[in-house]
Each structure stands twice: as C-alpha cells, then as structure tokens.
Amino acid sequence: MKNKYLKTLTDGVVTENPLFRLVLGTCPALAVSSAVANGFWMGLMVIFVLTFSNMLISALRNFIPDKIRIPCYIVIIATFVTIVDLLMAAYMHEMHKTLGIFIPLIVVNCIILARAESFASKNSILHSAVDGIGMGLGFMAALMIVATFREVLGNGTFFNIRVLPAGFPVAKVMVEAPGAFITLGLVLGLINLITARSKTA
Amino acid sequence: MRLRTFRGGIYPPAMKGTSQRPIVDLPAPAHVVIPMQQHVGTTCSPLVKVGDTVKIGQKIGQCTTFISAPIHASISGKVKSIGAVDVANGNKVLAITIENDFQNTLVEGIAPPPPLEELSPAEIAELVREAGIVGMGGAGFPTSVKLTPPADVKIDMIIINAVECEPYLTCDQMIIIEEVNYMISGIRAIMKALGLDHACIGIKINMEGAIDRLHEIILEEKGIDIVPLVPKYPQGEERQLIYAVTGKEVPSGALPQDIGIAVFNAATAWSIGHLLADGLPLTERVITVGGAVKEEGNYRIKVGTTVDQVIEMVGGYTDTPKSIIVGGPMTGFGLYHTNIPLTKQNNGVIVLTEEHVKEEEMTECIHCGQCVQVCPARIMPNRIAKLVKKADVDGLEKFNVLDCRDCAACAYVCPAKIPLLHYMKIGKNYVNEERAKNRA
Amino acid sequence: MEENKLIVLSAPHFKSPLTTKKIMFTVILALIPAAAASVVFFGIKALLHILISVVAAVATEFVVQKLLKKKINITDGSAILTGLLMGMNLPAGAPLWIGAVGSIFAIAVVKEAFGGLGQNFMNPALAARAMLLAAWPSQMVSWVTPIDAIATATPLAIAKAGVPDTATLPLLWDMFIGFVGGSLGETSALALMIGGIYLIYKEIIDYRIPLSFLGTVFVLATIFGVDGINSGLFHLLGGGVMLGAIFMATDYVTSPSTAKGRWIYGIGCGLITILIRFWGGYPEGVSFAILLMNICAPLIENYTLPTKFGKVAKVK
C-alpha cells in the first residue's frame, strides 16, 4: 500500500507535474514567478490549500450532490484560501502585498479544481492528502525553476541574494510579463524535448 | 497590335534551336510497336492476330464506345507479337508489334474523299473518326467527339491552338511554315463540321516564320483570324488560350463546349487536312527531337516508332543523357528506358543532360509566394502542398486542388525546389478517391 | 543503348535557376550599400556590431541544429541574413555583446524553436530587436551622431519631444544621405533605396509591400503632421521605415503570399507605424508595426485567397 502513496507523490512532483506536464495553473505561474521568494510562498500556499481542500472534498465525496459539485468545491476551496489570505496578511504583510490579487485567485486555480474533480472526489482521504502534497510540491518546484531563470537574468539575484555583479546589464524584460511567457515557453519546450528524446532512446 | 494573354504564367528559356529546321521524313523502322490506347477513353481491342499480314492504313484496333479512336497500322508487314508494353506515361498498355516488310503496301480502298463542298458535317466527323484522329497537342482527346457536340450544346467559336508554349517543341511551328495549306483545309473542315464560318488561330508572337506564313495565307482566306499572343507559358493550355482569345473564363469544372467554344490543336487540323487530301488514316506525325542528339530537328515519324529507334536515326546522343523526356520538358514524361513507342499524342523527344537535370537540394518552403503569383488557375500550390502532407482532403477541396492544370509553372519557379506539381497530382488523387468513395 | 541510368523525375524537367540560397545571398548583397554606409558614418564600431551579430547568428544556427540532430544548413544564407539585419538594427552606442545576445535569441528562440527555416511566425531579427529593447532599454537607445560619435537623439525622438523648432531638426537632405542619429542600418535612406530597387528589379521582393507601406506612412504623416516637422517626407526618411519596408516587412515567411494580402499587409504596417509614432509611447514604431502584422499575416492570407480561374456562375 505504501507504494501507492509514494507513486502519487512522485507523480505530482515529476511525471504529472501540474505546470510542466499538465500545463495547469499557468496564470499564477506567469504572474508570480518574477522572484524565487514569490514562487516559494505561492507554492507553499497552494500546498496548504490543495492538501486541505482535497482532504475535505474526499471526506465529503459521498455527500456532495453530483449536480452542484463544482459550487461545493469552490466553497470548500474558498474557505481555505481565505484562511491563508488572512494568515499572510497578518504575519507576512510584505509578501501579501507583493502577491496581491493572486492569493484570492488561488480559488480559481485550475490545479486545485482539477484535482478536486479528478482525484479527491474518487479517492480516500489519506490518498487525496498525499496527492495534494505531491501536486503542491510539483507546482512549487515548477514555479521556483521558472522564477530562478527570471530573477537571476532579470534582476541579478537569487532569493533576493545578489549573484551577478552589481554592474551586470541585466535583462529587465525577464522580470516583466513578456519574460514570463518566454521563460515558461522555453522551459516547457525543453522538457518536452527531453522527454521525447528519452522515449525514443 | 495589343497582345493578349492571361494572368500569371512564366517565361522559361525557349530552347527552340530547332525552330527553323525543316521537317525531315525519318525512314520506316524495322518494326513498330503500336499501343492500343493512343487517346483519352477506352482501350481498343486488336483486330489482328500474331502472324497476320497488315498493310499501311489497315485498321488494327477498334473500340465501340463513343469516346475512342480506332488505330491503324503505320507500316506494312507481319504482326510479330501482341502484348503489354511500357508507354511514356509509365503505364503498361496492350500493343501490337509489326515487323516491317519494307513493301509499303497500302491497304485497299484508300482514296481521297470527295471535296469538302460535297461532304455533310456528319460525314466529316465520321471520316475523322475512322481515320483515328485525336488531339495531337498531348491530351489525345478523340477529335470526332469534339466535332459532334451533344444536341444541347451550341458551338459558336473555334480556336486553333498553335501556341506551342513548351520549351524545345517546334513541330507545330514547322507544320505552319511548310504545310500550312493542309492546316487551313483542316480548319475549313472543322468549321464546316461545326457549322461555323469563322475560326481564330492563337499563336505566339515570337513564332518566327510561322506568323508571317499565316499572314500571307490569311489574306486569301476569309473567316480565319490570327490572334497573336504573349510568348508565355502555359499560354497553350486550353483554358488560358480561351481566356486570352475571348476574355471568357471557362467555368471551373465545366468544359469549353459549355460556353460554346471548341479548341483544336494546329497539328490536329493539319492531320485532318492530310486526311482530306489522300484519305490515309493517321499513321504519321511530326515530332521535335531536341536536346543532346546529333541532329536536332523536326521529323515525320510513323506512329509506333520507338524512342531508341528515333534517337538512332537522328545520329545518337552527343552527351550522356541524364533524362529522356517524351513531350515537352514542362509536362512531359521522364522515361525509365528508351524502348517506348511514340504515339499520336507525343509531340517531342527531348534528351536532357547534366546541364538541366540537377538533383537540387530541397529546402523548406520559405513562403515566397512565387507559385501563387504564377499559377494560371489562381490556386495556391504552397498551401496545397502542405495540405497534401497532412492528407487533409477537405482542405484540398477548399483550396481547389482539382482546378490545377498540371502546367508545372509552380514547380518551375519554386526556389525551395519543392516538387509542387507532384504534390498537386497526389492532392487530386486524394480528392478524387474521396469523391469516388462517397459516390459508392 | 548505353548502360546508363536515366533520372526519372516528376514534371517539370526544367526548373528556374533561382534557389533559396540565391535569394538569401541576393538580399544580403542588397544590404551591402546600407551596411557600408553605416561603417562610413559610425566607424569601426558599426563593422564590429555587424560582424559579431552575423557570427553569433551562424554559430547559434549550427549549434541548435546539431543539438536537435537536424540537417545543418547554415550555408543557405538565412542565418547570415538574420545576423546582418540584427546588427543593422542596433544603435552605434550600444555595447558590443548586445548584438550577439540578439542573434542568439533570434535564431534559437524565434527561428529554430518554431521549426527552423520557413516556420518562424515573426521576423527573427525584429523579434530579437523588440526583446532587446524591452530587456535593455537604455543600451538600445544609445544613439550617437555620425562621424564624431557624440550622444544624440534620433530625428523622430526630437520630433516626438514636440518642440516645433525647425532648427533642432536635421535637414531632410541629411536624413536622405544618412547624417543623423539612428540604428546602424536605417539612417541612410539612399543606400537602402539602392538595395531595394535592386531587389525589386531582380524580382526577389514584391514591390507591393514596400510601396503600400511607404505610401501609407507618407500619406498619413502628411495628413496628420504639423507643418515644418512631422511632414510626410520627414517620416519617410526618419527612423527605420526604409529598412523595415524594404528588408524586414518583405520577409517571405512572415508576409502573406497573395497579391491582395500583400497590399493589406503593407498598409497595415504603415498604419501601425504612424499610430505609434504620433500617438504611442515610443518615438519609433516600425519594428512593432511589422511584428504585429507578421502575426496577422496568416489571417490576412486566409481572407485574401485568390479567386480561382473560372469561378463564375455555371453556364447552362
């Protein structure tokens, strides 16, 4: 039985990585990946919301009427999002301000709704929790990978620590919106290329 | 004089080095191979058996369907074998091989028909049909069929196609220069058969000698006009010719006769003229032999002479041949070997050497749009090629692949050296197969 | 009959001598006058910019094709052309590495990532220029005057600043010859026009795109321009309109292949250029205009499909 949970976990992080393999949640990924720290905190919040909403939806899966399941999921997800939103506002005010609208927008993050619909509503509570953690970790990792490129090239820093010399002509475009699209596109292309290669090899 | 033409088209090198070479009669070969299909339509069935003796002009192949033309022996001798042979377009066709006895005996009953004035339209059509005359520009559509249009079709214009827009080919030009009288009498017969007193000859402005010769003759001939045209390829394509001469576009999917126009090749008219003069069925034609052969020129050959016999008779190659083409270099067929019989339809044998046959590297389409600019049918070969790769039949229909005339102008101009015509042909097959499937 | 293999190809057995490679090198040849003019006006730095861009473009093409295990076709000249256009789109005062970065982006991201020759959806050199402009705004506007290389503004920037003082504006004659600040390859309208006329004469480019592009710019600038400055001629000679209209907008891959589509495309380019120049944030809008129209090109083509021959109501 243990293997099942381990597989769910690695599926979430690697083989079914929500951002790179399923291409879900691209909107927050594009918006908050300008710095690694943003990506880290965003990822953490998604792990929290995803895990608990998965658990609760799984627990209630036999009670939620099929016809109105989506509104029910949204209510559950919104509850947890409100919790993290208020927590962030209280204890990490700066980060709360930086991430801004994208925290409440976790409610409509495709990953969370997709997992609720396709996984939590069909599996046990524990299994759903593991899936939530795995998917959340995968999302966080993906965000941080994209953010690493953008922050280092666009700002010369990594996790707010300066890695490039001060006078280095950084490419401002990388921390702006076009940089997000270019980076995400290239990383996705690269991953597709590598998987295509390893399949044929 | 305002020159008329059409939109699109190309100017390939003319290569008409043979344009003033007089027509030379090639001797009858030791044997001829006569395919049973030298026209559009049903294949004829042989009327003779192996070992039979045949005479020049004897009917040896016949078919009862309307769209067909009988086939006659072009030499006298013994039938050596009957079997399938390779023909220029790559198909295998039933053919009769005749060994020449060099007696040149004519079949009995060959006599000049009564003068034109005494012939009725139906009689003319019947004569033409029995003589096996077909469109000699390459298509090979039985001429008698065009001379007897269906009852609901009214032909009100005759156009004679003397454009000969393919590079190298000059046989029509020489026919006009040397034997214009036969052509004119052929045109008169066509006019009479269709009940018209008027015909136009479409000719390229740069046809040296031929245009002057026509002007001389036309002064005395009433009802025949010359329409000089821009020397552009494919001006000789039927629909482009009709547009240039009349300004009318033949509707897509329709036939020229639907807008009351009939087009005949100059060589076809010429052979009708010969028929009226001596009553002999179509057993000879003039072809251009060009390229890397010792004696380039225009030659009168017996139908059924093979390519290697022709090349031997004109002195052989001057250089290692890389490609041998039957027809013109734009639309003709490349041969795998030279033991290929020449039929009524074939107007040339072109021997190309390394100079012209380069295996060029194909690059990706760079979307230059040259093919779109030159396409006389105004379709988009670049898009069609891409659709063919995807086998997208609906897309091919939408992009009108069936309107392609196989003129190869697109493939000629393509800088990426993409075999566009090849793609177009595949595309047409896709669409036709799909249509056949839907009908079934 | 000799024992010798005949080559059997699908018709036609004649092909025009024009090849992709020849087209590319003809365009490169046509760019030589403008490139030479830039070296004359901006000195050795211009030459270095161009060389670095070209070398980077060709090297990137080679590396990417090697990595992707594709056929190496750096000799077809398309990478050289992209590099050359990249170099000519840089201001003389920019640091030397910037052209290399631009070329790498142009070839690796805009061209090869989308499938290589014939597949890119934007002009690689222009997309790279837009990227550089967004990434290093200060470096990409480091214009200098010709010959003495003093920091200056481009004529369009002066006009944009809105000082209706004809004294600060360069003479139209200087703009025609190229004695003004600007990107390396865009200052000399004369040299560009020589190249353009050569290309049109050689039938490499279609006259429709440059004509409609330049015509639209001229007409709109004449209508909306303030007298003295912002005249039609001023906008025709200033900035990258000439370079763009002759060499960038006419890029086959990213322009429509139908005749009607090309008119629309050229007019669109001119319209957006003037919109940006007169009412937009940037003093110059040619690059963005062409990029936007590049993206519209397939759409324009689909709406301007040629009417097939004989498309009339059926007789009978």
Side-chain angles (χ1 to χ4, degrees), chain B residues 10 12-13 167 239 243 249-254 258-259 308 317 320-325 329-338 350 352 356-357 359-360 363-369 372-373 375-380 382 399-400 403 406 408 411-417 419 421-422 425, chain C residues 1-2 4-24 26 70-71 73 75-76 78 115-120 203-206 208 250-259 261-262 297-298 301-302 304-316:
Chain B
I10 53 173
R239 280 149 206 258
Y243 178 74
E249 292 188 5
V250 179
S252 163
D258 295 339
I259 57 169
D308 46 8
Y317 304 110
T320 323
K322 275 280 174 212
S323 258
I324 297 174
I325 316 297
M330 297 301 291
T331 57
F333 299 102
L335 302 184
Y336 288 93
H337 59 83
T338 50
I350 315 294
L352 297 176
H356 290 115
V357 186
E359 281 182 75
E360 303 220 42
T363 68
E364 286 296 319
C365 170
I366 54 168
H367 206 251
C368 65
V372 183
Q373 312 295 325
C375 181
R378 299 199 295 264
I379 55 178
M380 297 181 80
N382 54 351
F399 278 88
N400 306 316
D403 283 87
D406 291 354
Y412 174 84
V413 293
C414 182
K417 305 296 160 205
L421 177 60
H422 202 77
K425 286 180 174 171
Chain C
M1 197 182 95
E2 301 95 311
N4 135 60
K5 289 232 169 70
L6 292 174
I7 298 171
V8 181
L9 297 170
S10 194
H13 307 280
F14 258 25
K15 288 200 169 189
S16 81
L18 195 67
T19 62
T20 305
K21 197 169 166 174
K22 269 186 201 152
I23 290 177
M24 295 296 171
T26 314
K70 292 210 285 189
K71 214 169 94 202
N73 56 6
T75 49
D76 69 8
S78 63
L117 182 66
Q119 307 293 324
N120 45 301
E203 290 187 355
I204 298 290
I205 61 171
D206 192 335
R208 293 181 181 93
T250 52
D251 175 17
Y252 292 144
V253 182
T254 51
S255 58
S257 60
T258 57
R262 286 175 174 173
E301 187 173 296
N302 277 345
T304 55
L305 297 179
T307 325
K308 68 176 173 180
F309 186 97
K311 191 180 178 155
V312 284
K314 229 174 170 170
V315 188
K316 267 203 279 197

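Remember, predicted model here, so these are calculated numbers, not experimental data. Chain A is the first sequence line, chain B the second, and so forth, proteins listed ahead of strands; every chain is numbered from 1.
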Scored by heavy-atom pairs under 4.5 Å with chain C, the best of P167(B), C414(B), A408(B), P376(B) is A408(B)

Heavy-atom closest contact (L305(C) atom, M380(B) atom, distance): CD2-SD, 3.4 Å

Identify which part of T363(B) has an atom lying under 4.5 Å from any heavy atom of chain C, answering side chain, backbone, both or neither. side chain

Which atoms of F333(B) come close to chain C, meaning under 4.5 Å heavy atom to heavy atom: side chain ones, backbone ones, both, or neither? backbone

Mind running side chain to side chain contact (heavy atoms under 4.5 Å, CB included) on I350(B) and H13(C) for me, showing each step along the way? CA-CA 10 Å; I350(B) 315 294; H13(C) 307 280; over 6 Å; no

Do you know the tightest heavy-atom contact between T307(C) and R378(B)? O-NE, 2.9 Å

Heavy-atom distance under 4.5 Å to chain C: side chain of I366(B), backbone, both or neither? both

For the residue pair P13(B) and F14(C), establish whether any side-chain heavy-atom pair is separated by less than 4.5 Å. yes

Is chain C contacted by the side chain of C365(B), its backbone, both, or neither, given a heavy-atom distance below 4.5 Å? backbone

Once rounded to the nearest 0.5 Å, what's the spacing between atom CG of L9(C) and atom CD1 of I325(B)? 8.0 Å

Q373(B) side, atom CD; E203(C) side, atom CD - distance, nearest 0.5 Å: 10.0 Å

Sort out for me which of N302(C), N73(C), D76(C), I204(C) touches chain B most, counting heavy-atom pairs under 4.5 Å. N302(C)

Grab the two heavy atoms, one from V8(C) and one from L335(B), that are nearest each other, plus how far apart they are. CG2-O, 3.2 Å

Does any backbone or side-chain atom of C375(B) lie under 4.5 Å from a heavy atom of chain C? Answer side chain, backbone, both or neither. neither

Give a yes or no on whether the backbone of S255(C) and the side-chain of H367(B) come within a donor-acceptor separation of less than 3.5 Å. yes

With only heavy atoms counted, which part of K71(C) is less than 4.5 Å from chain B, the side chain, the backbone, both or neither? side chain

Smallest heavy-atom separation, A11(C) atom then L421(B) atom, equals O-CD2, 3.4 Å

Which atom pair, heavy atoms only, marks the closest approach of E249(B) to F309(C)? OE1-C, 3.7 Å

For S252(B) and G310(C), indicate whether the former's side chain and the latter's backbone hold a donor-acceptor pair under 3.5 Å. no

Can you tell which of A416(B), G332(B), P12(B) has the highest number of heavy-atom pairs within less than 4.5 Å of chain C? G332(B)

What part of N382(B) gets closer than 4.5 Å to chain C, counting heavy atoms only: side chain, backbone, both or neither? side chain

What pair of heavy atoms forms the shortest contact from C368(B) to R262(C), and how long is it? O-NH2, 2.7 Å

Is the side chain of S323(B) donor-acceptor paired with the backbone N or O of I7(C) at a distance under 3.5 Å, no angle test? yes

